[in-house]
Every structure is written in C-alpha cells, then in structure tokens.
Amino acid sequence: HQTTEELITTEILCRKAIELNPTNDEAWGKLGDALIELDRKPEAEECYKRTLEINDQNEWAWFGMVLIYWESDPQKTTALFEEALRCNSKFSKTVYFSNYMRNKHLRTYSAIIFLISMVSCIDTYDVDFNKKNSVLVVQGFLTDDYANPDTIKIQYSNFNEGSTFISPISSAKASIISTTSGKEIGLVEQKTGGFIPPKDFRINASEKYSLRFTLPDGQQFASSPEQIYTTPPILNIYDKFILNSKLSDDGKRFISANEVYLDFKDTPKQKDYYLWRYTHYEKIVHCSTCYTSQYDPKTLGCTIKLPNFNRTPYYDYQCAGECYTIIKSNKINVMSDVVSDGEVIAGRLVAKIPYHFMYGCLVEIQQLSISPQNYTFHKNLELQTQSTGGLADTPAAAIVGNINNLTNPAKKVVGFFGVASIQKKRYWVDRKGVNGAYDYILGHVPVEEPTTMDTFRPPMTSCVKSEFRTPFRPQGWQ
C-alpha cells in the first residue's frame with residue numbers, strides 16, 4: 001500500500017500526464033485509484049467515468065466504480081462488476097482485485113467469488129479452423145423502422161483451411177411469434193437472402209416476440225422472447241478529422257479518418273443498454289475493375305483478355321452516371337448506462353470514416369436500445385472480434401446467443417435475434433480544409449485504360465443497384 005505522500009505524488013504525476021494527453025485512459029484510471037485511496041470518492045468517480053468514456057474496456061476503472069458503490073448500492077455494484085468481468089476473459093486481474101478486497105477486510109468478500117462464478121460463464125461453440133466446419137449463424141433485429149426494415153439473416157458460415165465464406169439458406173420458412181398473444185406473423189423471404197416482416201406489421205410495445213424458422217431439411221429453431229425498449233433521441237452529431245485514426249483493413253498501416261461523435265440523454269432510473277451502427281455513403285468515380293483484361297460492353301464483363309498486360313495488373317472503368325457506394329459498419333459498439341444513469345452522454349464515438357476522397361460524404365447514425373441479454377451477447381462478441389468483420393466471420397470460440405435448435409437441442413446455433421427501437425440521423429461529413437493520405441476506396445490507386453484511336457474505348461460501366469451500391473442520390477447528400 002502507498003503512503004499518503006506517495007499517493008499525492010501519484011496524483012500530481014497523473015494530472016501532468018493528463019495535461020499532455022487528455023485521452024490517456026491509463027492516467028485517468030490511476031488518478032482515480034489514488035483519489036479513492038485518499039478517500040476522495042466523488043473525484044475518483046469522475047476520473048473512472050472519464051476513463052470509461054475513453055476506453056470502456058478498462059477493467060480497472062470498472063473495479064474502481066465497484067469500490068465506490070460497494071456499500072451504498074449493491075444492485076449497481078453487481079452491474080458494475082459484470083462489466084469488469086466482461087472486459088477480462090482470463091480473470092487474472094479479477095483474482096488480484098478479489099485479494100485486494102479481502103485484504104481490506106470487507107465482510108462481503110465471498111460475494112465477489114459468487115459474482116465471478118455467475119458472470120464468467122459464456123456459452124461458446126468451438127470451431128477448429130484446420131478442419132471443414134459449417135456453423136449456423138442467425139442475426140438481425142425486428143425494429144420500428146418500418147420503411148427500412150432490418151433483414152434477418154439465416155445462413156451458414158463455412159470454414160475450410162483457415163478461410164471463411166458465407167452460404168445463404170434458401171427455401172427456409174420463418175415467422176415471428178408473439179409470445180404474449182400467440183399470434184404468428186409470416187416473414188417475407190428476400191431474393192438476396194434473409195427475411196423481412198410484411199409491410200403492414202407493427203410492433204406492440206406490450207408484447208414479446210420470438211423468431212421461429214424451419215430449414216429445408218426439417219430442423220426447427222426458435223429464439224428466446226425479446227421486447228422493444230424506448231430509445232432516446234440523438235441530440236447532436238459532430239466530427240473531428242484525425243491523422244492516423246484507424247488501422248487499415250489489411251492491418252499494414254494507419255489511415256486518416258473523420259471520427260464521428262454524438263450526444264444523447266440517457267433515460268433516468270432504469271437500466272438501459274445501447275447499440276450503435278452506421279451506414280456510410282461515398283460518391284464513386286469508377287464502377288468496375290478488370291484484372292489482366294479489358295471491359296467488354298457487349299458482355300458486360302472483363303472478357304477481353306490481354307496476353308501482354310505490362311502496364312498494371314488492372315484497369316478501372318468510370319461509372320456511366322452518378323453512383324454511390326454503401327458501406328455498413330462492422331465494428332460492434334455497445335454501452336451500458338450503469339455509470340451514467342440519467343445523464344447526458346456527450347462525445348460517444350460512433351464511427352470512423354476513412355479519408356477516401358477530398359469531397360465530403362454522408363453518414364446515417366442509428367442508435368438502438370437493446371435488451372440486457374442482447375447487450376451481453378454483443379459485448380462478449382465485441383471482445384472476441386476486435387479485428388474481424390463481424391458475426392459471420394465467426395471467431396474460433398463462436399458465441400452462442402438466444403437461438404435454440406428444437407429438433408436437436410445439443411446442436412448449438414451462433415447469433416442473436418433482437419427487437420429494438422431505432423433513433424437515426426443523417427450527418428454530412430465536410431472534408432474541406434483537411435489534409436492527409438487517401439485511403440483509396442477501390443483498395444488501390446485508380447488506373448484507367450489508356451485512350452486510343454478507338455473512340456468507343458475506354459467504355460463506361462453501369463452502376464448496378466445492390467446492397468452495396470446505388471445509382472440514386474442518397475437523401476441528405478450535399
């Protein structure tokens with residue numbers, strides 16, 4: 001244990017470190033530790049809150065919050081401890097913390113061991129990447145955004161010698177069951193895979209809903225019931241251009257990005273859990289890339305082979321008209337209001353938009369209130385998939401959610417079906433005045449086919465509407 005003099009010295013050093021770098025979560029956390037030992041709990045709590053605003057996976061800050069509320073609010077203490085355990089899969093620091101609490105002669109030391117045993121149990125599905133494996137994955141929300149319903153995806157995630165590929169399941173039958181009234185609503189299968197509710201469907205806030213589906217081979221599945229929670233509105237959205245903001249997709253370099261933040265007011269006196277996602281629109285110049293070949297407008301493909309392709313390994317072809325690429329977030333972003341009940345949540349980072357072009361772009365931010373079970377699933381998934389693309393790119397220990405195999409209960413299913421209310425806003429990211437290296441949206445420096453005496457070449461290519469591209473200007477585009 002540090003002496004009072006040593007603690008004051010720690011406080012001074014931490015404050016100096018914070019002056020140099022206000023986003024140093026380690027400094028904020030250590031400052032909180034020093035202040036709590038000096039019996040300055042209100043100041044320590046603010047430090048821990050600031051730590052968690054910067055890095056909500058700092059388990060020591062969660063443990064610090066446990067110390068603050070341990071004697072005054074047992075229910076909040078349990079929720080805080082759950083968050084700490086979610087951040088620490090190996091529990092080495094948890095054991096250290098337990099010893100610390102025991103050395104403090106707290107009468108409720110045994111409750112810590114009980115919490116560890118209750119919270120640390122995560123149901124997983126072990127996948128051997130060196131063998132062929134096929135895992136059933138279910139994901140999607142039933143939402144109150146009736147004009148743009150979520151697609152509930154039911155698909156196989158296949159693994160073969162370290163590679164992952166997705167196989168949509170066709171001809172399955174799916175429906176939503178109101179577990180309150182017993183009413184069944186058939187879902188509509190989409191040509192591109194997945195299911196959406198019928199256009200006239202509306203969520204009843206007093207009812208709970210379960211997903212039921214049957215695969216072509218007769219296997220039947222059902223989710224545990226989910227209900228809708230009211231989502232508070234987004235108050236403000238703003239951004240900041242940051243050099244070296246995020247790691248590139250290939251993991252080889254850092255790229256510049258506009259970091260997008262929002263503010264909202266949490267609903268007081270109730271437990272709330274939030275999930276954020278976004279859709280990013282960029283106007284693109286090139287619609288097709290041909291490798292070691294040229295684009296043929298007759299076949300609408302890269303079918304003109306070039307045996308002596310000595311310039312570059314590819315050519316890029318301009319779009320015949322306006323075209324916008326659609327990029328959906330793949331990073332999990334969830335939060336519990338356990339340390340901020342009823343407060344205005346300011347500066348929540350919700351997106352990092354790479355610097356693709358000098359011209360601006362459009363982002364739609366979605367804020368969802370989700371169930372405690374849905375939050376736990378996504379939080380555990382977040383900890384396992386820091387560098388992967390999402391649920392379909394299932395990690396080696398895939399997390400089992402709320403989907404049950406009724407035909408063969410021993411066979412596990414990965415994923416989660418949720419019900420959620422959505423608040424959304426569109427925000428224009430203005431890149432004027434920023435300066436940084438481009439992260440080319442094509443993944444390479446654009447190279448166009450050289451012009452020749454043939455006035456029909458190079459041809460332009462069509463912007464084909466799909467899940468990832470549209471020829472129509474998005475609402476809010478400037």
Side-chain angles (χ1 to χ4, degrees), residues 125 127 133-159 163-177 185-199 201 203 209-217 219-226 275-280 326-334 364 366 368 370-371 373-374 377-378 380-382 384-385 388-395 398-406 411-420 422 465-469:
Y125 188 165
V127 178
N133 283 281
S134 185
V135 178
L136 182 63
V137 178
V138 179
Q139 57 181 327
F141 282 94
L142 188 67
T143 79
D144 57 0
D145 186 3
Y146 304 116
N148 301 283
D150 270 34
T151 298
I152 300 169
K153 296 182 179 179
I154 303 170
Q155 57 196 11
Y156 281 111
S157 188
N158 302 290
F159 307 93
S163 298
T164 305
F165 57 97
I166 307 303
S167 299
I169 300 173
S170 59
S171 302
K173 302 295 183 184
S175 61
I176 298 296
I177 305 290
I185 303 99
L187 296 178
V188 182
E189 186 172 8
Q190 302 299 286
K191 292 181 179 179
T192 55
F195 297 85
I196 62 172
K199 292 182 179 180
F201 173 75
I203 295 174
Y209 298 92
S210 173
L211 172 68
R212 303 285 179 91
F213 63 94
T214 303
L215 298 185
D217 62 5
Q219 290 189 85
Q220 296 184 342
F221 300 82
S223 75
S224 57
E226 283 274 299
L275 179 147
W276 290 274
R277 57 190 188 181
Y278 66 85
T279 302
H280 165 204
I326 305 169
I327 305 167
K328 295 186 180 293
S329 55
N330 60 14
K331 184 175 177 61
I332 297 167
N333 188 352
V334 292
E364 180 181 276
Q366 295 188 352
L368 293 76
I370 59 177
S371 68
Q373 297 79 13
N374 203 336
F377 171 81
H378 280 92
N380 290 331
L381 185 63
E382 177 187 26
Q384 287 212 32
T385 59
T388 66
L391 184 57
D393 299 317
T394 314
I399 298 175
V400 175
N402 67 342
I403 311 295
N404 301 302
N405 188 326
L406 303 180
K411 198 168 183 179
K412 297 178 181 180
V413 182
V414 173
F416 203 99
F417 164 76
V419 179
I422 294 181
K465 190 178 186 302
S466 69
E467 182 181 356
F468 308 105
R469 187 175 288 183

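On a predicted model such as this, the values are computed, not experimentally measured, just so you know. Values reported hereafter were calculated over all heavy atoms of this structure, with side chains retained and with hydrogens, waters and symmetry mates removed.
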All ring-ring contact (aromatic ring centres under 6.0 Å, His included) counterparts of Y278, not counting sequence neighbours: none
Qualifying residues under side chain to side chain donor-acceptor pair (under 3.5 Å), relative to E364, sequence neighbours excluded: Q366, R426
Side chain to side chain contact (heavy atoms under 4.5 Å, CB included) assessment of L136 paired with I154: CA-CA 7 Å; L136 182 63; I154 303 170; 4.2 Å; yes
Counterpart residues, side chain to side chain contact (heavy atoms under 4.5 Å, CB included), relative to P197 (two or more places apart): L142, P149, L187, F201
Results of side chain to side chain donor-acceptor pair (under 3.5 Å) for T214 - residues two or more places apart only: none
V413/N404 under side chain to side chain contact (heavy atoms under 4.5 Å, CB included): CA gap, chis, key distance, verdict: CA-CA 7 Å; V413 182; N404 301 302; over 6 Å; no
Any donor-acceptor N/O pair, E189 side chain to S171 backbone, under 3.5 Å: yes
Criterion side chain to side chain contact (heavy atoms under 4.5 Å, CB included) on Q190 and V188, from CA distance to verdict: CA-CA 6 Å; Q190 302 299 286; V188 182; 3.8 Å; yes
Chi angles and distances behind the side chain to side chain contact (heavy atoms under 4.5 Å, CB included) call for I176, L211: CA-CA 5 Å; I176 298 296; L211 172 68; 4.0 Å; yes
Residues that F221 engages under ring-ring contact (aromatic ring centres under 6.0 Å, His included), provided they are two or more places apart: F213
Test side chain to side chain contact (heavy atoms under 4.5 Å, CB included) applied to F468 - qualifying residues, sequence neighbours left out: S466
Min side-chain heavy-atom separation Y156-L215 under 4.5 Å: yes
Side chain to side chain donor-acceptor pair (under 3.5 Å) involving N333 - partner list, sequence neighbours excluded: R348
With T151 via side chain to side chain donor-acceptor pair (under 3.5 Å) - residues at least two apart: none
Any residue meeting salt bridge (charged side-chain N to carboxylate O under 4.0 Å, His left out) with D150, in chain and number order, not counting sequence neighbours: R277
Contacts of S224 that satisfy side chain to side chain contact (heavy atoms under 4.5 Å, CB included) - sequence neighbours left out: N402
pair E226-F141: side-chain heavy atoms closer than 4.5 Å: no
